[in-house]
Amino acid sequence: VPNENTNGFIFAKIFGGFEKIRSSICDLVTISRLLNATLVIPEIQESTRSKQISYKFKSFSYLYDEEQFIASLKNDVNIVKSLPEHLKAARRSNEFPIFKPKNSASPNFYIKEILPNLKKAKVVGLIITEGGCLQSILPPSMSEFQRLRCRVAFHALQFRSEIQTLGRQMVERLRAWGQPFLSYHPGLVRDTLAYHGCAELFQDVHTELIQYRRAQMIRQGIISDELNVDSHLQRENGSCPLMPEEVGLLLRAMGYPSKTIIYLAGSQSFGGQRLLIPLRAMFANLVDRTSLCSKTELSDLVGPETPLPSDVFQLPRPKSESEIKEEWNRAGPRPRPLPPPPERRIYPHEKEGWYGWITETDKEPNPSPRDLRMQAHRLLWDALDYIISVEADAFFPGFNNDGSGWPGFSGLVMGQRLYERASSRTYRPDRKTIAALFDITRGNMYHPKHDWTLSVKEHLNKSLSEEGLIRQSLLSKPNSFLSHPLPECSCRISSFELTKLTEGKDGRVLYGD
C-alpha cells in the first residue's frame with residue numbers, strides 16, 4: 001500500500017482520441033507508482049470545457065467513473081481529484097517543470113530525469129500526445145508494474161454508469177435477434193491513413209485530404225518519408241487497411257450467411273457511407289449505434305449542452321426604391337458593361353461533412369465550436385462501441401498492428417478479449433497475406449475459385465489459433481502492452497504439469513506460461 005508521504009504530485013494533460021486516452025492513463029498510474037508520487041486525475045483535452053461539453057461533467061468524468069477509479073487503485077497509488085489549494089496558483093503561472101515524454105520512455109528516464117525535479121518542486125506536469133508515456137515491454141523484474149497496468153485498464157477504468165447502462169442495453173438488443181453477432185472495426189482513420197500513405201486507395205476529395213494531412217506530418221517531423229508514395233505497394237506490404245468490401249468477401253468465404261448480424265464499430269470511418277455499400281449489400285444486417293439507439297438515448301448520454309449558434313444563411317436586406325435610384329446615379333456614364341455576377345454561396349448542406357473546407361480554400365481551417373463538440377461526442381460513441389466489441393461473439397479488425405507506434409482501438413479490444421476470454425473468437429488477419437490472396441482473384445472477387453476460398457479459411461482459422469496469438473504478441477506488444485497483456489496478466493495457478501513455453505528472440509515468453 002502506498003505511503004501517504006509521497007515525493008510530490010504528478011498532473012497530466014492527455015491529447016488524442018479514445019484509444020490514446022485509455023493507454024495513457026494506464027501508463028500514468030504505473031509511473032506514479034514507480035516514482036512514489038500522488039497522481040492528480042488527468043485532464044482529457046478532448047473533453048475539456050473548451051469543447052462545449054455538458055456542464056454536468058468535468059474532463060475525466062465525461063468518460064470514466066472517477067470514484068471507481070480512485071477506490072480501485074487505493075492500494076496501488078494515491079490519487080486526488082485536484083492539486084491542493086496552495087499549489088493551484090503556482091500551476092496557473094507555470095512555475096512547475098513540465099515534460100513531454102515519448103511513448104517509448106524507459107523507467108530510467110523517469111528515475112534519473114523526472115524524479116529529482118519531482119522531489120525538488122513537489123509538482124511535475126506531463127503532456128502526453130503519443131498515446132502513452134512509458135515503453136510497452138518492461139524488464140522481468142518489473143512484472144508487477146505490468147500487472148498494475150492491467151488492473152488499471154480492465155478493472156479501475158470503468159465507464160461512467162450512463163455509458164455502461166446504454167452499452168449493456170445495446171448488447172441485449174443485439175442478442176435479442178437470437179443469433180451470434182460479429183463486431184467489425186474498419187480502422188479507417190485519416191491520421192493513420194496519412195501516416196502510411198494510403199491516399200490512392202480512396203477517391204477525389206478523400207485522396208486530397210489524406211495527402212494534406214501527410215504533408216502536415218512531414219513538416220512536423222512525424223514522418224521522414226516522401227509525400228507521394230505508391231499506395232498499392234503499401235497495401236501489398238500490409239501497411240494499409242482492409243477495405244469493408246474485402247472484409248465482406250473474407251467473411252463470406254469463411255461461411256458467414258448473409259443474415260449475419262455485423263456491428264460496425266468506430267465513431268467515424270474515413271470515406272463515409274460510400275465505402276460501406278458493398279459490405280451492406282453482402283450483409284443486410286449491418287448495424288451501428290444509430291440503428292440500435294434512439295436519438296433521445298444518445299442525447300441523454302451527452303447531457304444538457306449549451307445550444308450552438310446555427311449557421312443559417314440569411315438573405316441580404318432588400319434595398320428601398322430611393323437606394324436603388326441613388327446607386328444608379330452614382331454608377332457613371334452609360335453604356336457600361338454589366339458587373340460580374342456575385343459569387344455563389346456554398347450552403348452547409350452542400351458540404352461533405354467536416355471536410356467541406358477543401359472546396360473553398362487550400363488551408364484547413366481551425367475546428368469550429370461544433371467540430372470541437374463532435375470530437376468530445378466521439379469519445380462516448382467509441383466507449384459504446386468498445387463495450388459491444390468486447391462482448392461480441394466474434395471480432396474482426398480492419399486495421400491493427402499498423403506499425404505507427406500509436407495504440408489502436410482494435411488492439412485494445414483484442415487485448416481485453418484475450419484477458420477476459422482467451423478462447424474468444426478474435427480474428428488476427430495478416431494483411432500482407434490477404435492482399436496477396438486478393439491479387440490472385442482481383443478480376444473475379446465475387447465468384448472466386450474453390451481453392452481460393454479454402455486458402456482464406458485456412459489463413460483466418462490459423463489467425464484464431466495459437467499461431468495467431470504468437471504472431472499478435474510479436475507484432476503488437478512492442479508498441480502497446482494492452483493489446484496483448486498475457487502472460488504477465490494471466491492468473492497465477494499452481495500446476496503439476498509444466499506447459500511448453502514459446503519464447504521470442506529476446507527471451508520473453510510469448511505463449512504457454
Side-chain angles (χ1 to χ4, degrees), residues 1-16 20-102 105 107-130 132-134 145 148-149 151-152 156-158 160 303 372 376 379:
V1 178
N3 192 334
E4 289 184 6
N5 299 320
T6 61
N7 290 322
F9 295 88
I10 292 178
F11 69 87
K13 292 183 178 181
I14 302 174
F15 292 83
K20 287 187 176 181
I21 291 166
R22 196 170 181 86
S23 182
S24 299
I25 292 171
C26 298
D27 286 358
L28 276 171
V29 173
T30 308
I31 290 161
S32 299
R33 176 73 189 197
L34 177 69
L35 302 181
N36 186 27
T38 299
L39 176 65
V40 180
I41 292 278
E43 292 179 11
I44 299 173
Q45 296 304 298
E46 289 287 298
S47 62
T48 52
R49 290 289 166 81
S50 62
K51 305 282 182 180
Q52 308 279 321
I53 65 167
S54 173
Y55 62 85
K56 287 175 61 178
F57 308 108
K58 291 182 181 177
S59 164
F60 188 88
S61 61
Y62 188 67
L63 193 58
Y64 295 111
D65 185 337
E66 271 189 9
E67 302 300 333
Q68 161 73 15
F69 181 68
I70 295 170
S72 295
L73 296 171
K74 66 181 181 181
N75 291 332
D76 295 301
V77 178
N78 288 321
I79 302 176
V80 293
K81 292 186 178 181
S82 63
L83 283 172
E85 289 297 326
H86 67 282
L87 295 174
K88 286 182 179 179
R91 182 194 167 177
R92 282 193 291 269
S93 56
N94 295 323
E95 293 180 17
F96 301 125
I98 295 177
F99 297 87
K100 193 176 179 181
K102 293 184 176 294
N108 282 338
F109 165 77
Y110 287 97
I111 292 169
K112 292 179 180 178
E113 297 288 333
I114 292 183
L115 185 58
N117 284 282
L118 179 66
K119 287 181 176 178
K120 183 179 178 182
K122 292 302 178 185
V123 180
V124 160
L126 300 179
I127 296 175
I128 305 171
T129 59
E130 298 184 357
C133 50
L134 183 65
F145 287 93
L148 175 57
R149 273 174 162 169
R151 285 200 292 281
V152 179
L157 270 182
Q158 300 291 328
R160 59 180 165 94
L372 295 174
L379 298 180

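FYI, side chains are in, hydrogens and waters are out, and symmetry mates aren't considered; it's all heavy atoms of this structure. Since the structure is predicted, the reported quantities are computational estimates derived from the model, not experimental observations.
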Roughly how far apart are R151 CZ and C26 SG, rounded to 0.5 Å? 11.5 Å
Of D76, N75, N78, which meets side-chain contact (heavy atoms from CB on, under 4.5 Å) against V1? N75
At what distance, to the nearest 0.5 angstrom, does NZ of K102 lie from OG1 of T129? 8.0 Å
Within the 4.5 Å heavy-atom criterion, are E95 and V123 side-chain neighbours or not? no
Heavy-atom closest contact (A12 atom, I128 atom, distance): CB-CD1, 4.5 Å
Rounded to the nearest 0.5 Å, what separation is found between the CD atom of E43 and the OG1 atom of T48? 8.0 Å
With a 4.5 Å limit on heavy-atom distance, are the side chains of K58 and I41 in contact? no
Is any side-chain heavy atom of L379 less than 4.5 Å from a side-chain heavy atom of I21? yes
Please give me the minimum heavy-atom distance between F96 and A121, naming the atom from each residue. CE2-O, 3.9 Å
Enclosure of K13 NZ (heavy-atom neighbours >12, cutoff 6.0 Å): no
Are any side-chain N or O atoms of R33 and backbone N or O atoms of F145, one a donor and one an acceptor, separated by less than 3.5 Å? no
I'd like to know if the side chain of S59 and the backbone of I44 have a donor-acceptor N/O pair within less than 3.5 Å. yes
Quick one: closest heavy-atom pair of A376 and Y62, and the distance? O-CE2, 3.3 Å
Can you establish whether the number of heavy atoms outside K120 located under 6.0 Å from its atom NZ is more than 12? no
Is S47 close to L63 at the side-chain level, that is, under 4.5 Å between some pair of heavy atoms? no
One should read off an interatomic distance between L157 CG and Q68 CD, to the nearest 0.5 angstrom, of 9.5 Å
Side chain proximity check, N5 to N36, heavy atoms < 4.5 angstrom: no
Given side chains that start at C-beta, do those of F109 and I114 come closer than 4.5 Å, heavy atoms only? yes
Does any non-hydrogen side-chain atom of K88 lie less than 4.5 Å from one of S82? yes
Interatomic distance, F99 atom CZ to L126 atom CG [nearest 0.5 angstrom]: 8.0 Å
side-chain contact (heavy atoms from CB on, under 4.5 Å) between L39 and I31: does it pass, once the steps are laid out? CA-CA 9 Å; L39 176 65; I31 290 161; over 6 Å; no
About how many Å separate NZ of K122 and CG of L87, when rounded to the nearest 0.5 Å? 10.5 Å
Heavy atoms of L73 and A156 approach each other most closely as CG-CB, 3.8 Å
Please tell me if the side chains of F57 and E66 come closer than 4.5 Å, counting only heavy atoms from C-beta onward. no
Flag, side chain of N7 to backbone of L35, donor-acceptor distance under 3.5 Å: yes
Tell me if a side-chain donor or acceptor on D65 pairs with a main-chain N or O of Q158 at a distance below 3.5 Å. no
Check this for me, if you would: do E67 and R160 make a salt bridge, where the nitrogen-to-carboxylate-oxygen distance has to be below 4.0 angstrom? no
Considering non-hydrogen atoms only, spot the tightest contact between I127 and P101 and give its length. O-CD, 3.7 Å
F60/F69 aromatic ring centres below 6.0 Å: yes
